[in-house]
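Heads up, the thing below is written out as C-alpha cells.
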Amino acid sequence: MKIQSNSEYCLGCGLCRIYCAAAHDGYNGSVIRAFKKGTPQARAGLIEHQQQSWINTCRHCQDAPCINACITGALQKNNEGIVFIDGQRCVGCLTCVMVCPFGHIQPSLDFSRAVKCDLCRDLAEAPVCVSHCPNGALRLIEEV
Amino acid sequence: MLRREGDIRIPSGCAIAAIMNRKGERFNGQQILASIAAMHQRSNGLGGGFAAYGIYPEYRDYFALHIFYDDDGARQICERYLQHHFRIKHQEPVPVRQSRRIAGAPLIWRYFARPREDKFYREHIGEEEFVARVVMTINADLRGAFVASSGKNMAAFKGVGYPEDIGEYYRIEEYQAYIWTAHGRFPTNTPGWWGGAHPFTLLDWSVVHNGEISSYSTNRRFLEMYGYKISLQTDTEVIAYAFDFLMRRQGLCLNDVVDVVASPFWSQLEEEKQARLRRKYSGLLLNGPFSIIVATNNGLVALNDRIKLRPLVAALQDEFLYVASEEAAIRVVAQRLDRVWSPGGGEPIVGLLHDKKGLLDVAPSAIQAAQSA
Amino acid sequence: MMAVFDAVEYNHHTLLEAMNQSPDEEIEVLNLNGQRYLGCGWKNHKSLILHGTVGNNLGAFCEGPTILLYGNGQEGVGNTMSAGEIIVHGRVGDIAGYSMRGGSLYIRDDAGYRLGIHMKAYQDKSPLIVVGGRSGAFLGEYMAGGTIIILGLNDPGFSPIGPYCGTGMYAGEIWLRGEVPSNHVADNIKAEVFQEKARLEVIMPHLQRFAACFGYDMSIILDKPFTRLTVVDKRIFSRLYTGFAG
Amino acid sequence: MSLSMLTPAFTVERNQDRCIGCGVCVKQCGNSVHHKDEDGFMWVIDKNCVGCHRCAVLCPTQALAIKEFPAALRPNSYWSTSSLREIYAQAETGGVLLTGMGNPRPFRSYFDHLLLNASQVTNPSIDPLREPMELGTYLGSQVSSLGEREKPLLKLDMPIMFSAMSYGAVSLNVQKSLARAAREKGTFWNTGEGGLHSDLQEYAASTIVQVASGRFGVNPDYLNQAAAVEIKIGQGAKPGIGGHLPGEKVSADVARTRMIPAWSDAISPAPHHDVYSIEDLAQLIETLKVATNFEKPISVKVAAVHNISAIASGMVRAGADIVAIDGFRGATGAAPMRIRDNIGIPIEIAIAQVDQRMRDEGIRDQASLVAAGGIRNSADVVKILALGADAVYIGTAALIALGCHLCHTCFTGRCNWGIATTEAQLSKRLNPELGAVRAANLLQAWEHEIKEMMGGMGINAVDSLRGNRLMLKGIGLEQHELDLLGITAAGY
C-alpha cells in the first residue's frame with residue numbers, strides 16, 4: 001500500500017501536511033491543538049515544480065532499505081505491507097534517514113528519533129491526508 | 001353556501017357492479033338492484049345510479065336524451081334549444097315511483113330524437129360528434145338543465161340516495177336490458193346534486209367508477225385541448241371522455257385504450273407499441289386508485305388501476321358476465337358460478353355481445369386475456 | 001457516374017431525400033425554383049450542379065462538397081459552411097457566408113446585405129468570398145477572419161459596398177476593387193489603397209480562380225487599384241465594461 | 001483617477017486564536033486577498049475579496065470569517081448601498097456594469113407561494129421506496145400518428161437536465177463533471193454555444209449541442225453526434241443581447257473547441273443573423289433537421305419575455321420539437337447588470353401561460369416544454385412540472401453542487417472554485433471525478449424527493465404530474481396572479 005498523488009488535481013494547498021501533522025504525536029487530528037500547543041511535524045512533504053505539485057511520502061518499499069539498515073529492529077513491516085517505526089525501539093541513530101533513497105524519513109524536531117509515514121495505521125479510516133484532500137488528488141493504492 | 005358538484009371537486013368512494021348477458025338477451029333490473037344493494041355499506045346515501053342497455057328497442061335508431069331540470073323554466077329553455085338542434089320523435093317525463101327516502105328530485109324528462117341534418121352537415125361533423133357537442137354545451141352552459149344520458153337504446157337512471165332506493169324510484173325492474181351497470185356513491189361532502197351521481201355518460205358510453213384519480217387535472221387539461229367541456233369536475237366524467245376520445249375520435253382498439261389509461265410500467269412493457277401509446281397519450285394515463293366499468297351498447301370493460309388499489313371481482317356463468325366491487329354482490333344474484341376471479345392491475349375484463357364484435361373493435365388478444373385470466 | 005434529377009418531378013422533401021441517397025459523386029438537378037437546403041449538412045466531396053433559382057440555405061452547415069449553381073441563390077448561401085466550394089453563376093441574397101469557417105464562395109454578380117457576417121478563420125481554414133458585382137450594407141460585420149473580395153465589375157458607376165462595412169470586425173481582410181467612400185467604412189477599419197499588382201499577391205490566386213470560373217479577362221479585373229480593409233484595434237470593446245459583483 | 005470612493009464589499013476576519021499560519025488561504029485566493037510575509041505575519045486586502053468563501057471553506061481551523069464590510073452607509077430605503085456602489089464604480093470607469101450569475105433582486109418568487117397537495121383518505125399515498133415510481137420522460141413531438149414513423153425523441157430517466165454552459169464560460173472540468181453525471185443518471189447535459197471538446201465526445205449520446213448566433217464549433221460532425229440540437233435564441237439572464245467571451249478566456253483549448261483563433265474575442269451576435277423573423281426560425285429548424293437527416297429532435301431555447309406565449313406558439317408552429325424557456329432568474333457567466341436585473345419574467349408564470357396557450361391552441365402535443373432559470377430544489381421541479389413543463393434545466397444549482405458560492409464574479413475568469421475559468425491552475429481545482437459524483441448525488445437526491453412528493457400525491461408516474469395544476473395551491477397571491485398561474489388559492 002502507498003499513497004498515490006495525482007498532480008493533475010493536486011492544488012498544492014498543503015492541507016495534507018497539516019492534517020498529517022495533527023494526526024500524529026498525540027493530538028488525534030485536532031489541528032488547532034496540535035499547532036497551538038505542540039510542535040507538529042508532517043510525515044509527508046509537498047513538492048512544487050513549475051505550477052505542478054505533488055505529495056512526497058513513503059513508498060513502503062517491498063525490500064525496504066530502511067528496515068535492512070535499522071540497527072535496533074525499530075523499523076518493521078506489518079502484514080499489510082506498511083513500513084513503520086516502533087517508537088519504543090528507535091534510538092535516534094538516524095541511519096534510516098540516510099539510507100532512504102527518496103529522502104522520505106525525517107529526524108524528529110529534537111533529533112531524538114526518526115519519523116515517517118505509517119499510513120495512519122492506527123486509524124480505522126483512510127490516511128488523513130487522503131480523507132482531507134479537498135480535490136481527490138490523493139489515493140491509497142494497493143500496489144507497491 | 002355549499003357549492004354544487006361542478007363548482008367544486010368532490011372525491012368519493014364507491015361500489016360498482018355490472019351484469020351482462022353476452023347473447024344480448026334482455027332481463028329486468030331486479031338482479032342488478034339486488035347486487036348493488038348487497039354492498040350498501042360502501043355508499044352513504046348521497047348517490048346511486050344504473051345504466052341499462054337495450055331498453056328502448058322501439059326507438060333504437062334515436063338518441064335517447066334523459067335530462068334533469070331544476071324547474072319548469074329550465075325545461076322550457078332547454079326544450080327550445082333541443083327543438084333547434086333535433087327532430088324529436090317522442091318526449092315524456094321519465095316514470096318514477098315516489099318514495100319517502102328520495103327527496104329533492106329534479107324534473108326528469110326523456111326525448112327520443114335525431115339531429116337535424118342541416119345542422120351537423122353545416123359543421124362538417126358526424127351525427128355523434130354533433131350530439132356530443134350539444135350535450136356538453138347544455139351541461140356547461142344551460143343552468144338548471146343537465147343531460148343524464150344521450151346514447152341510443154340506453155339510459156342512465158341516477159340520483160341522490162342509496163342505489164336501491166334510486167332503483168326503486170326509477171322503477172328499474174320494469175325495464176329489460178342486456179347490460180346493467182350500477183353504482184353506489186360515498187362522496188366526501190353533502191351538496192346532494194343528482195347530476196353528480198354515477199353513471200356518467202356521453203353518447204353510448206357510461207362509466208361507473210370507484211376511487212379517485214390523482215391525475216385528474218392532467219387528464220382534464222389533456223381532454224380540454226381536444227374540445228371537451230369538463231363541467232362536473234368528477235373523475236368519472238374525464239374517464240368517459242377519455243374512452244370517447246380514444247375510441248371514437250382516435251380510433252384505437254380497446255386493447256390499446258387499456259394500455260393508455262392503465263399503461264404498464266416502463267419496465268414491464270412488452271412491445272414497442274405500448275411504449276408508443278404511452279408516450280403519445282401520456283396525459284390520459286389514469287393515475288391513482290380506480291376500478292371502473294365502462295359500458296357501451298355492445299359490451300363492457302371493467303378495469304383496475306395499474307397497481308390495483310381498488311377491489312374488483314368478475315364471474316362467469318353460462319352467458320352471464322358479472323362484475324362487482326365485492327364477490328358477495330355477485331353471489332347474491334348467482335349462487336352457482338362457472339368461474340370467479342379477480343383481475344390484476346391494468347388487466348381488463350372485457351365482455352362483448354356475441355353478435356356485435358365489430359362495433360367495439362377489440363384486439364383478439366384482449367378477449368383471450370380476459371377469458372383465460 | 002452522374003445522377004440527373006428533374007426538380008419538377010419531386011416535391012421538396014423527396015428531392016432532398018433522393019439527392020441524399022444517390023450514391024453518385026456528381027449530381028445534377030434541373031429546373032430548380034425555390035428548393036431549400038440543397039447540399040445542407042453534407043460532409044463529403046460530391047459535386048452538385050444546379051440549374052435554376054435555388055431556395056434558402058444552399059449548402060448550409062456543409063463540409064466539403066462542390067456546388068456549381070447556374071442561376072441565382074436566395075438567402076443564406078453557404079451559411080455556417082466549414083469546407084467546400086460554391087460557385088454561383090448569378091446573384092445571391094442576404095447573409096451569404098454567415099459564420100463561414102472555411103471553403104470558398106464565388107459569386108458572379110451581386111450579393112445582398114450582411115455578406116460574410118461573422119466569418120472566422122480556424123487553424124488551417126480561412127474562408128473566402130469573392131463577389132463579381134457589389135455587396136449590400138454591413139459587409140463583413142463581426143468578421144473574425146478570412147478574406148472577402150468585392151470586385152464591383154457590373155456597376156462601374158457605384159460603390160462596390162454599402163454603408164457600415166466592417167462594423168464590429170476584429171480580424172480578417174476585406175479587399176475592394178477601386179477606392180471606396182470613407183463614410184461606408186466603420187471607424188475601426190484601416191483602408192489602404194494598393195496601386196501595384198505586386199501588393200495583390202495574396203489575393204491573386206482567388207482573382208484568377210474567379211476569372212476562370214466566370215470567363216473574365218484578368219486585365220479587366222486588374223484595371224483599377226485595390227483597397228484593403230483591415231482592423232485597427234482588435235479589442236475595441238475591451239474598455240466598455242466595468243466588472244461589478246452584484 | 002486616484003481616489004476610489006468604493007469601500008470594500010467584504011471584510012475578512014481572521015481569528016488569531018485559531019489561525020495556525022499555515023498559508024492555505026494565501027495559496028487558495030486567486031484574488032490576492034491573503035498575504036503572508038516572510039516573518040509569518042499574515043494580512044489581508046479586503047477590497048479584493050469577492051466573497052467566494054474558498055479560503056474559509058479550506059481553512060483547517062475555521063479561523064476565517066467573511067463578513068459584509070461594516071462601513072454601513074447612511075440607511076436609505078431608496079438609495080440602497082448597492083445603488084451608491086454602482087454609481088461610484090461607473091463614475092470611476094465609465095463602463096457598463098458587468099456581472100455574473102443570476103438576478104439576485106428581491107422580486108417575488110412564485111415557487112415560494114405555491115403549496116403542493118398530498119393524499120389523505122380518499123386516495124392512498126404511495127411509498128416510493130417500495131412501490132414503482134416512474135420519472136421517465138420523453139421529450140419531443142408526439143404528433144405522428146400511430147401508423148407513421150415516430151418523430152425523434154429524447155429519453156430522460158428523470159425530468160432534470162443540465163443547462164447549457166459553454167466551455168469558455170465554464171471550465172472543461174465542469175463540463176466533464178456534468179457529462180459524466182448526466183450519462184450515469186440517464187439524462188442530458190448541454191454544451192452551450194462553445195462547441196464540443198474532443199475529451200467529451202465519449203459522452204455524445206448524453207449531449208445536447210447548441211447552435212447559437214456565433215455558430216462556434218458547429219459543423220456536420222458536431223450536429224450529428226449529439227442526442228439533440230438546440231438553437232439558442234435567448235438566455236434568461238440576458239434576453240435580447242448577445243454574448244462576448246473576452247479574448248483572455250479564449251485559451252488554445254477553448255479556441256480549438258470553438259473553432260476560432262486563440263486569444264481572440266468570441267462574439268455571439270444578439271440575433272442569429274439568419275433568423276430575423278419567425279419564418280426564418282422555421283427555416284433554421286428545418287435546415288438543422290435536414291443536416292441531421294431528421295434523426296434529432298430540435299430544441300429552441302428562448303428567454304421568458306413579456307409575450308412569451310405567442311412566441312412559444314410560433315416556435316412550435318415553426319417546427320421546434322422542444323421549447324426551452326429560460327426565466328429571468330437564469331444565470332450567466334457575464335451579462336450587463338441592468339439587462340440581467342430588469343428584463344424578462346418569472347419562469348413560473350411563463351410556463352403556466354405557455355402551457356395553457358399551447359393547450360388552447362391544441363398544439364401541446366407538438367412539442368415538449370422545458371423550464372429553466374432559477375430551479376433551486378426538487379420542490380421547484382415538482383411545481384413547475386405541475387404548472388405544465390415536461391422537464392427542467394438546472395444550471396446554477398448544478399454549479400453550486402460543484403462548489404460555486406454565488407460570488408457573481410464569473411466574468412473575471414478567476415473563479416477560485418475552478419468553475420468559471422479557463423486558467424489551468426484554477427480549473428484543476430475541480431476534479432471531475434469528484435464533480436461528477438457531486439452532480440450525480442444532487443440528481444439522485446432530487447429524484448428521491450420528487451418521488452416522495454409524487455407518492456404523497458398518489459401519483460406513480462411523472463406523466464400524471466405534468467400539468468396537474470390541481471396539485472398546486474397559491475398562498476399569499478393576488479387573484480390575478482392565481483389566474484395567471486391557472487391555480488386556486490390554498491383552502492379553496
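So that the names make sense, note that chain A is the first sequence line, chain B the second, and so on, each numbered from 1.
- For a residue to count as touching a neighbouring chain, one of its non-hydrogen atoms must lie under 4.5 Å from one of that chain's; by this rule B:E272 touches chain D with the side chain only.
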query = Step by step, would you call B:R221 with D:R466 a side-chain contact (heavy atoms from CB on, under 4.5 Å)?
reply = CA-CA 10 Å; B:R221 296 181 75 234; D:R466 195 177 304 136; over 6 Å; no
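- With a 4.5 angstrom heavy-atom cutoff, D:M471 touches chain B only via side-chain atoms.
- Contact annotation for D:V143: only backbone heavy atoms (N, CA, C, O) come within less than 4.5 Å of a heavy atom of chain B.
- Distance CG/D:N460 to CG/B:D305: 8.0 Å, rounded to 0.5 Å.
- For D:E361, no part sits under 4.5 Å from any heavy atom of chain B, backbone or side chain.
- The number of heavy-atom neighbours closer than 6.0 Å to CD1 of D:I475, taken from other residues, nucleotides and ligands shown, is 12 or below.
- One finds the CG atom of B:L309 at 9.0 Å from the CG atom of D:N123 (value rounded to the nearest 0.5 Å).
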ask   = Should B:R278 and D:E134 be marked as a side-chain contact (heavy atoms from CB on, under 4.5 Å) after you check the CA-CA gap, both sets of side-chain angles, and the distance that decides it?
value = CA-CA 13 Å; B:R278 178 153 181 203; D:E134 298 184 315; 2.6 Å; yes
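- Note that CE of B:M225 and CG of D:D355 are 9.5 Å apart. Values are rounded to the nearest 0.5 Å.
- The two residues D:R359 and B:F222 make their nearest non-hydrogen contact at NH1-N, 3.4 Å.
- Within the 4.5 Å cutoff, side-chain heavy atoms of D:P124 are placed close to those of B:P289.
- Taken from NZ in B:K280 to OG in D:S145, the straight-line distance is 7.0 Å, to the nearest 0.5 Å.
- From D:L470, atom CG reaches atom OG of B:S217 across 5.0 Å, with rounding to the nearest 0.5 Å.
- Contact detail for B:W266 and D:G136: the closest heavy-atom pair is NE1-O, 4.0 Å.
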task = Determine, stepwise, if the pair B:S214 / D:M457 fulfils side-chain contact (heavy atoms from CB on, under 4.5 Å).
result = CA-CA 7 Å; B:S214 311; D:M457 295 170 187; 5.5 Å; no
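- With values rounded to the nearest 0.5 angstrom, D:D463 atom CG is found 11.5 Å from B:L286 atom CG.
- Heavy-atom distances place the side chain of D:L153, and not its backbone, under 4.5 Å from chain B.
- By the neighbour-count criterion of 12 heavy atoms within 6.0 Å, atom CD of D:E131 is densely surrounded, having more than that number from other residues, nucleotides or ligands.
- Between B:N287 and D:A461 the shortest heavy-atom distance is ND2-N, 3.1 Å.
- Residue B:R306 touches chain D through its side chain alone, counting heavy-atom pairs closer than 4.5 Å.
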ask   = When you look at D:S144 and B:R276, which way does the side-chain contact (heavy atoms from CB on, under 4.5 Å) test go after all the steps?
value = CA-CA 10 Å; D:S144 45; B:R276 185 84 191 267; 3.4 Å; yes
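- Formation of a donor-acceptor pair under 3.5 Å by the B:S215 side chain with backbone atoms of D:S464 is not found in this model.
- For D:D365, the parts sitting under 4.5 Å from any heavy atom of chain B are the backbone and the side chain alike.
- The contact between B:L285 and chain D is made by backbone and side chain atoms together, counting heavy-atom distances below 4.5 Å.
- Of all heavy-atom pairs between D:G467 and B:T218, the closest is C-OG1, 3.9 Å.
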